[in-house]
J.: 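This is the structure, below, for whatever I ask next.
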Amino acid sequence: MTSERNSPARKVYLDHSATTPVRAEVLSVMLPFFAQAFGNASSVHRWGREARVGVETAREKVAYLLGAEPSEIVFTSGGTEADNLALRSTARLLRSKGNHIITTTVEHHAVLHTCQILEKEGYEVTYLPVDEYGMVSVESVIEAIRPETILISVMHGQNEVGTIQPVEEIGRVAKEKGILLHTDAVQSAGKVPLKVRDLGVDLMSISSHKMYGPKGIGALYVRKGIKMAPQITGGAHERGRRAGTENVAGIVGFGEACYLAERELAEESRRLTALRDRLISGILERIPDTVLNGHPSKRLPHNVNVSIKYVEGESILLNLDRMGIGASSGSACTSGSLEPSHVLLAMGVPHEVAHGSIRMTLGRMNTVEDIDYVLEVLPPIVSRLREMSPFSAPAASETSGGGRNNVQ
Amino acid sequence: MYNEKVMDHFFNPRNVGEMENPDGVGQVGNPICGDVMRVQIRVKDNRIEDVKFKTFGCGAAIATSSMVTELVKGLTLDEAMEVSNKTVAEALGGLPPQKMHCSNLAADALHEAIKDYRSKTSVAG
């Protein structure tokens with residue numbers, strides 16, 4: 001093996017759940033809003049009016065993706081702020097009604113850490129467990145409901161393992177009980193149909209940079225009639241729900257990204273699902289002792305997450321990177337803490353197997369050739385690392401074909 | 001994140017593998033933490049004649065394992081006991097701060113191997 005690290009045969013970006021490139025069409029509609037239509041959207045003059053048109057047109061496009069009304073869209077700095085706004089606002093405004101929140105153990109940290117802070121402020125939070133696929137059950141939601149429950153927050157598509165939660169069924173329960181339902185749909189937006197009326201959600205967080213829009217912009221859908229207590233106070237922007245001069249270029253880009261995603265959704269979703277399944281079955285067939293993490297079919301179309309036993313995630317990522325492939329891992333080494341992914345642990349995956357998890361998330365630019373390149377490059381990397389591992393099965397088992405696995 | 005020297009030892013690790021009938025074996029870490037290092041030594045005339053390692057772990061875990069084997073080959077057992085995790089990290093030109101504690105255990109594994117050898121030889125008389 002050569003040490004030619006900087007010129008791999010191919011470059012394959014497989015970390016679209018971390019972030020995506022800005023689409024050319026998106027970038028081109030943003031550009032006029034930096035130096036020409038640069039006005040403050042709150043200003044009365046022509047510069048301000050131009051910016052306002054940009055913002056409101058974008059709001060219509062975001063609403064189009066979600067099947068919502070434009071007035072129900074509140075722009076935020078991203079998915080994290082949208083999650084914070086949904087939770088903190090609801091907690092504060094409904095304090096007189098109750099202090100109990102229901103969520104899951106596999107939420108994004110934007111929800112989990114916010115819930116932990118709310119607990120310190122006197123709220124009670126139930127963290128629902130998930131099954132081996134990372135799925136929460138509707139029954140467990142029903143059982144957790146108390147008279148003082150004010151909010152249920154269950155993510156739509158899980159960011160690490162791709163499992164799609166039964167939000168629609170939970171929506172029916174929430175509506176019947178008169179409890180607000182929030183969903184973090186950051187990973188699902190633009191990948192699967194996400195109409196707020198079908199899902200029966202009251203609040204939904206989405207983010208621009210996960211769907212080929214710019215970073216630093218996102219939105220919270222707030223069903224008409226629900227009051228908001230702003231977390232960021234100041235002027236009367238966003239109908240008093242989020243103060244601060246609008247990030248006009250970001251909003252315009254986000255709107256365009258939503259429009260394009262909705263227009264292409266059905267076809268792109270089908271294409272990604274085929275690539276995803278090719279990658280999953282290829283890995284499970286070619287590498288023994290691999291396990292698919294997450295649900296085999298109720299799964300985001302672009303998510304692949306596998307545990308490769310006897311090896312550690314970061315060492316796989318470094319080897320993949322050298323071969324031009326960008327992926328991520330749930331190992332402790334890549335999380336910046338000593339613990340591996342809280343999501344995999346919540347699913348009952350043993351620590352040592354969680355350390356060997358690899359997430360590959362597909363996107364628009366990926367092709368069948370990219371997938372086949374990964375399937376060519378990954379098995380020898382794993383063989384080499386397993387030869388180095390004190391746990392490994394005999395090296396003879398590393399040949400292709402007939403791996404033990406648990407899927408499909 | 002990692003410097004060139006660490007990456008070199010990670011991609012081209014020295015002394016990987018196992019030996020038959022080693023004189024001493026040391027293993028540290030556990031799979032729950034994500035790092036396990038096993039070091040085997042062959043001792044002749046109180047010197048480390050040969051050393052091999054097998055490691056399950058991240059880039060730093062593999063690189064430090066490789067480096068410690070390179071540092072101690074040919075040293076007396078007393079000299080090898082002086083090689084610390086810090087010595088290994090310095091020989092690699094430094095490690096990211098978050099890796100200093102969790103993944104920098106290779107010298108500990110070596111010391112365990114030496115202790116194992118000494119305990120066997122003292123029993124053997």
J.: Answer yes when B:D8 and A:R322 have at least one side-chain N-carboxylate O distance shorter than 4.0 Å, and no when they do not.
T.: no

J.: Judged by modelled atom types alone, do A:E107 and A:T104 share a side-chain donor-acceptor pair under 3.5 Å?
T.: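 Side chains of A:E107 and A:T104: pair found under 3.5 Å.
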
J.: Taking side chain as C-beta onward, heavy atoms only, is B:E112 less than 4.5 Å from B:Q27?
T.: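 Sidechains of B:Q27 and B:E112: no contact.
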
J.: Examine whether an atom of B:A60 lies under 4.5 Å from a heavy atom of chain A, and if so say whether it belongs to the side chain, the backbone or both; otherwise answer neither.
T.: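 The backbone, not the side chain.
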
J.: At a heavy-atom separation under 4.5 Å, does B:P13 approach chain A through its side chain, its backbone, both, or neither?
T.: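 Contact with chain A: side chain only.
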
J.: With only heavy atoms counted, which part of B:V16 is less than 4.5 Å from chain A, the side chain, the backbone, both or neither?
T.: side chain

J.: Return the orientation label for the B:F56 and A:H355 ring planes: parallel under 30°, perpendicular over 60°, tilted otherwise.
T.: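 Perpendicular: the ring planes of B:F56 and A:H355 meet at over 60°.
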
